[in-house]
Amino acid sequence: MLDPKYVRSNPEEVAQLLKKKGFDFPVERFSELEQQRKEVQVLTENLQSERNSRSKQIGKAMAAKEDVAPLKAEVKALGEQLDAAKVTLAELQQALDDLLLGVPNLPHESVPEGETEDDNVEVRRWGQPRNFDFTPKDHIDLGEQHGELDFEAAAKLTGARFAVMKGKIARMHRALIQLMLDTHTAEHGYTEVYVPFMVNADSLYGTGQLPKFEADLFKVPFGERDYYLIPTSEVPVTNLVRDEIVPAEQMPLRFTCHTPCFRSEAGASGKDTRGLIRQHQFEKVELLQLVEPAKSWDALEELTGHAEKILQLLNLPYRVITLCGGDLGFGAAKTYDIEVWVPGQDKYREISSCSNMLDFQARRMKARWRNPETGKPELLHSLNGSGLAVGRTLLAVLENYQRADGSIEVPEVLRPYMGGVTEL
RNA sequence: GGAGGGAUGGCUGAGUGGCCGAAAGCACCGGUCUUGAAAACCGGCGAGUCGAGAGGCUCCCUGGGUUCGAAUCCCAGUCCCUCCGCCA
């Protein structure tokens, strides 16, 4: 959520900045609600104050054994007025909250203008796409040839957009997870966490999936309420600091977390219907940082580098791009996507998305740290990035390391995790 | 699933209708003392919100209710703990 104070005093500026994201901020409606809210709030608080002081008078009068019946009647009438004012105030407050909860984060000034992914800006490339002296297969064909990647079986068990893996491919999938977690904990200073794969609605409000993007989630009825399958471990892990005040000496918090992720992929029916690219369920190792505000931009560069490191270890060619305003996610102020080379498609495909959310999520979830300079709790900044999406990493390894006969070399760095196996 | 206990500031914990946004301790900050530190002593110290300020308002798990007035009484719910049962 944006800072209501800031929005209140600079509604035009907010609208201007949000245009970059393709979001139309309703200045008129906001200002109108805000003005009403203020009026009613002043009225309500005055009534409240009046009632409080008169009630105290009653207490004193009773102690002095005076007749308090007329006073009581008077205050009772006051209370009825107050109740009415409270109801109106609550409605206005609710309307403002609803509006503000649906407003995306402001894009950073360094975010390029643009509406679609075509307007994203490449920042750097690493590695050279390999020259094949044969036509490279995609991972679907490779998986079928090996008999270890089975989408039809998954369709039988569940439905479209799920996968069954077996044997060495399943093991490589697991090996990738181990490599990622080990690298981030041992080399990059992250603490590994294990979290629930289902969360409550509060957590999803905190990170920004709710109230706007419920259609993208899998909902699980449970008793009187609903739980949701997590669309990314960003949700449970970031919410670890919801309603907390982190001591300065514990900052920055760095977490890495492996979980399955569940996405309904609403509205993606025509896209990437085959293969591991777009699934309802996939594994991801996430990188998460909670930092003091002054350091979040440095942290974004650093975190992106940590994700890149995995691709370097696997010797997979990639590029890093800056998302343009129109392609930027709801809560992000700036996002770097990392795209890995996919020979079967002859192009770079997203494998990681690293974002600085600034205080956008922190404000929603009241996540603060105690600033030693002021001694006061202040909102912290949250960042997250995939380090990496495991299914897509697997697919990239299979396709980039394939040989003419369809066998696949195991990248050197994975061999210790696969009992020394050198090829599939 | 059954029985009981609990939720109060950064932490521990007192508080059963008005003098309670809330005792006390710890932690923290400032000071006295000291060559320095510790100890001792003195003082300060919850959060949010409105306001230029004075100050006002809200917040004692959540939501309802009773009352002139609720941390305190009533109802519903959530979470935590203990015991029994069951269980990977």
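In this text the structure is predicted, and so the values were computed from the model without any measurement. We name chains A, B, ... by the order of the sequence lines, and we start the count at 1 in each one.
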(message) Measuring only the C1' atom in each nucleotide, how far is C19(B) from C11(B)? A whole number of Å is fine.
(response) 29 Å
(request) Identify the nucleotide, in any strand shown, that forms a Watson-Crick or G-U wobble pair with U34(B), with both distances under 3.5 Å; if there is none, say none. (result) none
(request) Specify the separation, in whole Å, of atom CD of Glu373(A) and atom P of C29(B). (result) 15 Å
(message) Does the structure show a Watson-Crick or G-U wobble partner for C83(B), both distances under 3.5 Å? Name it, or say none.
(response) G2(B)
(message) By nearest heavy atom, map Glu45(A) and Pro377(A) onto RNA chain B; which one lands nearer the 5' end?
(response) Pro377(A)
(message) Heavy atoms from C-beta onward define the side chain here; which of C50(B), G48(B), U58(B) lies closest to that of Arg37(A)?
(response) C50(B)
(request) Can you tell me, in whole Å, how much space there is between the C1' of U78(B) and that of G85(B)? (result) 24 Å
(message) Among C19(B), C50(B), A47(B), which nucleotide has an atom closest to any side-chain atom of Arg370(A)?
(response) A47(B)
(message) Looking at Ser49(A), I'd like to know whether one of its side-chain N or O atoms comes within less than 4.0 Å of OP1 or OP2 on C57(B).
(response) yes
(message) In whole Å, I'd like the distance from the CD atom of Gln48(A) to the P atom of U58(B).
(response) 4 Å
(message) Please determine whether a side-chain nitrogen or oxygen atom of Gln41(A) lies at a distance below 4.0 Å from atom OP1 or OP2 of U49(B).
(response) no
(message) Say we look at A39(B) and U32(B): how far apart would their C1' atoms be, to the nearest angstrom?
(response) 13 Å
(request) Could you tell me the separation between the CG atom of Leu92(A) and the P atom of C50(B), rounded to a whole number of Å? (result) 15 Å
(request) Look at the side-chain N and O atoms of Arg368(A) and state whether any lies under 4.0 Å from the OP1 or OP2 oxygen of G48(B). (result) yes
(request) May I ask you to verify if any side-chain N or O of Arg8(A) is less than 4.0 angstrom from the OP1 or OP2 atom of C50(B)? (result) yes
(request) Under the ring-ring contact (aromatic ring centres under 6.0 Å, His included) rule, what do His280(A) and Phe218(A) come out as? Steps first, then yes or no, please. (result) CA-CA 9 Å; His280(A) 286 314; Phe218(A) 285 104; 5.6 Å; yes
(request) Using distance alone, with no hydrogens and no angle criterion, decide if Ser296(A) and Asn356(A) have a side-chain donor and acceptor under 3.5 Å apart. (result) yes
(request) Any chance you could lay out the salt bridge (Lys or Arg N to Asp or Glu O under 4.0 Å) test for Arg263(A) and Asp216(A), step after step, and finish with the verdict? (result) CA-CA 6 Å; Arg263(A) 300 189 182 175; Asp216(A) 296 333; over 6 Å; no
Output a table of donor-acceptor pairs, distance under 3.5 Å, between side-chain atoms of residues 31-45 of chain A and any protein atom two or more places apart or on a different chain; print 'none' if there are none.
from     : atom 1 : to       : atom 2 : distance (Å)
Ser31(A) : OG     : Val27(A) : O      : 2.9
Glu34(A) : OE1    : Arg37(A) : NH1    : 3.3
Glu34(A) : OE2    : Arg8(A)  : NE     : 2.9
Glu34(A) : OE2    : Arg37(A) : NH1    : 2.2
Arg37(A) : NE     : Gln41(A) : OE1    : 3.0
Arg37(A) : NH2    : Gln41(A) : OE1    : 3.3
Gln41(A) : NE2    : Glu45(A) : OE2    : 3.2
Thr44(A) : OG1    : Val40(A) : O      : 2.6

(message) Rounded to whole Å, please give me the gap between NZ in Lys56(A) and C1' in U67(B).
(response) 17 Å
(request) Rounded off to whole Å, could you give me the CZ-to-P distance for the Arg242(A) and C79(B) pair? (result) 13 Å
(message) Counting the atoms with a prime plus P, OP1 and OP2 as sugar-phosphate, which does Lys366(A) contact under 4.0 Å by heavy atoms, base, sugar-phosphate, or nothing?
(response) nothing
(message) Taking CD in Gln312(A) as the centre, count heavy atoms belonging to other residues, nucleotides or ligands within less than 6.0 Å. Is the count above 12?
(response) yes
(request) Identify, between Glu50(A) and Gln57(A), the residue whose nearest nucleotide on RNA chain B lies closer to the 5' end. (result) Gln57(A)
(message) Can you measure Asp202(A) atom CG to U62(B) atom C1' for me and round it to whole angstrom units?
(response) 10 Å
(message) Please give the distance between the P atoms of A3(B) and A76(B) as a whole number of Å.
(response) 14 Å
(message) Does a side-chain N or O of Lys72(A) approach OP1 or OP2 of G69(B) to a distance below 4.0 Å, or not?
(response) no
(message) Of the options A47(B), U58(B), C68(B), whose atoms approach the side-chain atoms of Lys76(A) most closely?
(response) C68(B)
(request) Return the minimal non-hydrogen interatomic distance between Lys334(A) and Trp297(A), and the atom names on each side. (result) CB-CZ3, 3.6 Å
(message) Using the P atom as the point on both nucleotides, what is the distance between G18(B) and G10(B), in whole Å?
(response) 25 Å
(request) State, yes or no, whether a side-chain contact exists between His184(A) and Lys309(A) at a heavy-atom distance under 4.5 Å. (result) no
(message) Does the structure show a Watson-Crick or G-U wobble partner for C45(B), both distances under 3.5 Å? Name it, or say none.
(response) none
(request) Scan Lys5(A) against the nucleic acid and name what it touches under 4.0 Å (heavy atoms): base, sugar-phosphate only, or nothing. (result) sugar-phosphate
(message) Looking only at the side chain of Arg225(A) (C-beta and beyond, no hydrogens), which of the listed nucleotides G77(B), C50(B), C68(B) gets closest?
(response) G77(B)
(request) From the options C57(B), G10(B), C50(B), select the nucleotide whose nearest atom is closest to the side chain of Lys38(A). (result) C50(B)
(request) Using the P atom as the reference point in each nucleotide, state the distance between U67(B) and U62(B) in Å, no decimals. (result) 23 Å
(request) Measure from CG on Asp243(A) to C1' on G9(B) and round the result to the nearest Å. (result) 15 Å
(message) Counting the atoms with a prime plus P, OP1 and OP2 as sugar-phosphate, which does Ile58(A) contact under 4.0 Å by heavy atoms, base, sugar-phosphate, or nothing?
(response) base
(message) Suppose we define a pair by two distances each less than 3.5 Å, Watson-Crick or G-U wobble; what does A23(B) pair with here?
(response) none
(message) Suppose you measure atom C1' in G25(B) against the same atom in A14(B); what distance do you get, rounded to whole Å?
(response) 11 Å
(request) Please measure how far the C1' atom in C45(B) lies from the corresponding atom in A54(B), and state the result in whole Å. (result) 22 Å
(request) Find the partner of G69(B): check Watson-Crick (N1-N3 plus N6-O4 or O6-N4) and G-U wobble (N1-O2, O6-N3) distances, both under 3.5 Å, and reply none if neither fits. (result) none
(request) Mind listing the closest non-hydrogen atom pair of Arg363(A) and Pro4(A) along with its distance? (result) CD-CD, 4.0 Å
(request) Round to the nearest Å and state the distance from Arg363(A) atom CZ to U49(B) atom P. (result) 9 Å
(message) U58(B), OP1 or OP2 - any side-chain N/O from Asn52(A) closer than 4.0 Å?
(response) yes
(request) Could you check which of C50(B), C68(B), C79(B) has an atom nearest any side-chain atom of Met62(A)? (result) C68(B)
